[in-house]
Student: 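A single structure is presented below for examination.
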Amino acid sequence: MQIKKIAVLQGDYIGPEIMNSGLEVLEAVSQETNFEYQIHKYPFGGEAIDCCGEPLPQSTTEGCKKSDAVLLSAIGGPKWDKAKIRPEAGLLAIRNELGLFANIRPTKVNPILARKSPVKPEVIQDTDFVIVRELTSGIYFGTPRKQEKYEAIDTSRYTVEEIERIMHIGFEMSMHRKKHVTIVDKANVLATSKLWRKVAQKMNNDYPEVVVDYCYVDAAAMKIITQPSFFDVVITANLFGDILSDEASVLTGSLGTIPSMSTGVTGPSLYEPIHGSAPDIAGRGIADPISMIQSIEMMLRESFGEYELADRITNAVEQAITKGIVTPDLGGTATTKEVTTQIIENLRG
């Protein structure tokens, strides 16, 4: 069996702490199996600015392109607030370099953690959906773009090809879930949204088993809070996906448990927690490693087809949560190391 190459971008502040936890879990779950891999670490973000003067050195780009998957931890922080190029610029650059046009963010509520959610437990019961967000086009990238003293312009632009490729990923994902797709747009106002609907209707012909419905973004924002279990796969444009995925994340009760995936047509996919680098708790040993660990679980499932290993990690995390071995963000008293150790013990148990 071919040895898989995994590029590791360890991040800043709590980034290395939770990345180490994730890699320990990966090592534990893959022992005595046929899954073989090599870890290759590259500088990125603030770490790369310190050592190389830029957030995405060419060597990191080349290393990631030669890999089968990329693991990224949280980057940035106050240390680089006055840097000529901030660490976050590396995120846009690496997405472009790797052709990562789709961001996949799952929202699944653990019944045990439901009490941590700001939404009533009976409302979020059975919540399990993914938001498929277009990542490299739309109003964040359209031209012309300018800011003057009394006027500013941002342009929202999409091509049929850009919409088709994100739709294809969302529809394919739905085939392995509940076969239900919701297109979120603003077709009553925006020409780009009208084009999204036209493409979605055509795409549905290729996936006749999939039930498709359409929802204006303002209505979707309300429905995520009032009826989140309605959704299965949500496909939406860059701006709307940015806002809705952050809104959806609060349903789970903590950002510290949520992974994400960015992917394209060719090349490696990138996996990362959705939370930031948390400078206020860096070095204190209390960072929640679960989001990083579940990003690795997602990598095993989506990039390598190692469903059994991924399921074992899922179950091990669930057992740790059930036992109450969680960090302070989830209401516990455990350290990063204690949570990691418990999850590894569950894998071996």
Student: Under 3.5 Å, is there a donor-acceptor pair between the Tyr42 and Glu62 side chains?
Tutor: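 Not at all, the side chains of Tyr42 and Glu62 share no donor-acceptor pair under 3.5 Å.
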Student: Whether the Asn315 and Gln319 side chains hold a donor-acceptor pair (N or O, under 3.5 Å, no angle test) is what I'd like checked.
Tutor: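 Per modelled atom types, Asn315 and Gln319 side chains form no pair under 3.5 Å.
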Student: Should Thr182 and Asp213 be marked as a side-chain hydrogen bond (donor to acceptor under 3.5 Å, both in side chains) after you check the CA-CA gap, both sets of side-chain angles, and the distance that decides it?
Tutor: CA-CA 5 Å; Thr182 301; Asp213 49 52; 2.7 Å; yes
Student: Is there a side-chain contact between Val123 and Pro228 (heavy atoms, below 4.5 Å)?
Tutor: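 Of all side-chain heavy-atom pairs linking Pro228 with Val123, at least one is under 4.5 Å.
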Student: If you apply the rule side-chain hydrogen bond (donor to acceptor under 3.5 Å, both in side chains), what do you find for Tyr140 with Asp242, and how did you get there?
Tutor: CA-CA 10 Å; Tyr140 290 169; Asp242 190 2; 2.7 Å; yes
Student: Does the side chain of Val130 come within less than 4.5 Å of Met173's, by heavy atoms?
Tutor: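 Met173 vs Val130: side chains touch.
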Student: For Lys194, I'd like to know if atom NZ has over 12 heavy atoms of other residues, nucleotides or ligands within 6.0 Å.
Tutor: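 Yes, enclosed.
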Student: Step by step, work out the side-chain contact (heavy atoms from CB on, under 4.5 Å) result for Lys5 and Lys66.
Tutor: CA-CA 8 Å; Lys5 296 179 180 179; Lys66 294 176 182 178; 5.5 Å; no
Student: Indicate whether any N or O donor in one side chain lies under 3.5 Å from an N or O acceptor in the other, for Ser229 and Asp126.
Tutor: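 Distance-only check fails for Ser229 and Asp126.
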Student: For Arg284, give me all partners under side chain to side chain contact (heavy atoms under 4.5 Å, CB included), at least two apart in sequence or on another chain.
Tutor: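 Arg284 satisfies side chain to side chain contact (heavy atoms under 4.5 Å, CB included) with Ile281, Ile286 only.
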Student: Decide, yes or no, whether a salt bridge links Lys116 with Asp329 under the criterion of side-chain N to carboxylate O below 4.0 Å.
Tutor: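 Looking at Lys116 and Asp329, the cut-off is not met.
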Student: Applying side-chain contact (heavy atoms from CB on, under 4.5 Å), run through Leu26 and Glu24 and close with a yes or a no.
Tutor: CA-CA 5 Å; Leu26 177 60; Glu24 287 178 18; over 6 Å; no
Student: Do Met19 and Leu23 have side chains that get closer than 4.5 Å, going by heavy atoms?
Tutor: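 Met19 vs Leu23: side chains touch.
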Student: Answer yes or no: is there an ion pair linking Arg301 with Glu297, defined by an N-O contact shorter than 4.0 Å?
Tutor: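 Glu297 and Arg301: salt-bridged.
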Student: Run the side chain to side chain donor-acceptor pair (under 3.5 Å) test against Lys186 and tell me which residues pass, sequence neighbours left out.
Tutor: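 Once residues adjacent in sequence are excluded, the partners of Lys186 under the side chain to side chain donor-acceptor pair (under 3.5 Å) criterion are Asp218.
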Student: Quick one: do the Asp50 and Trp80 side chains pair a donor with an acceptor below 3.5 Å?
Tutor: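 Yes, because at least one side-chain N or O of Asp50 sits under 3.5 Å from a partner of the opposite role on Trp80.
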Student: Would you say Ser262 and Asn103 are linked by a side-chain donor-acceptor pair, where the criterion is simply a distance under 3.5 Å?
Tutor: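 Their side chains do contain a donor-acceptor pair, which is all the 3.5 Å distance test asks for.
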Student: Using the test side chain to side chain contact (heavy atoms under 4.5 Å, CB included), find all partners of Leu330 that sit at least two apart in sequence or belong to another chain.
Tutor: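 So Leu330 forms a side chain to side chain contact (heavy atoms under 4.5 Å, CB included) with Leu113, Ser254, Thr257, Asp288, Ile290, Val326.
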Student: Test Val25 against every option in Asn20, Ile313, Val317 by the side-chain contact (heavy atoms from CB on, under 4.5 Å) rule and name the one that passes.
Tutor: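 Per the side-chain contact (heavy atoms from CB on, under 4.5 Å) rule, the option paired with Val25 is Ile313, out of Asn20, Ile313, Val317.
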Student: Could I get the full list of side chain to side chain donor-acceptor pair (under 3.5 Å) partners for Tyr271, not counting sequence neighbours?
Tutor: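 Checked Tyr271 against side chain to side chain donor-acceptor pair (under 3.5 Å); matches are Ser303.
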Student: I'd like to check the side chain to side chain contact (heavy atoms under 4.5 Å, CB included) partners of Ala200; sequence neighbours left out, ordered by chain and number.
Tutor: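 With sequence neighbours excluded, Ala200 shows a side chain to side chain contact (heavy atoms under 4.5 Å, CB included) to Met167, Ile183, Tyr214, given in chain and number order.
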Student: For the residue pair Ser291 and Pro273, what are the closest heavy atoms and their distance?
Tutor: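 Closest approach of Ser291 to Pro273: OG-CB, 3.3 Å.
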Student: Are side-chain heavy atoms of Leu244 and Ile224 found at a separation under 4.5 Å?
Tutor: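 Yes; the side chains approach each other to less than 4.5 Å.
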Student: Taking salt bridge (Lys or Arg N to Asp or Glu O under 4.0 Å) as the cut-off, I'd like each qualifying pair that reaches into residues 161-174, sequence neighbours left out, listed once.
Tutor: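 Sorted pair list comes back empty.
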Student: Would Asp68 and Lys4 pass as an ion pair if we require N to O under 4.0 Å?
Tutor: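 Lys4 and Asp68: not salt-bridged.
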Student: Among Ile131, Thr107, Ile274, find the residue that satisfies the side-chain contact (heavy atoms from CB on, under 4.5 Å) test when tested with Ser249.
Tutor: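 When side-chain contact (heavy atoms from CB on, under 4.5 Å) is applied between Ser249 and each of Ile131, Thr107, Ile274, only Ile274 qualifies.
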Student: So does Glu148 pair up with Lys146, basic N to acidic O under 4.0 Å?
Tutor: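 A salt bridge links Glu148 with Lys146.
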Student: Does the separation of the ring centres of Phe230 and His180 fall below 6.0 angstrom?
Tutor: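 Here the rings of His180 and Phe230 have centres that are less than 6.0 Å from each other.
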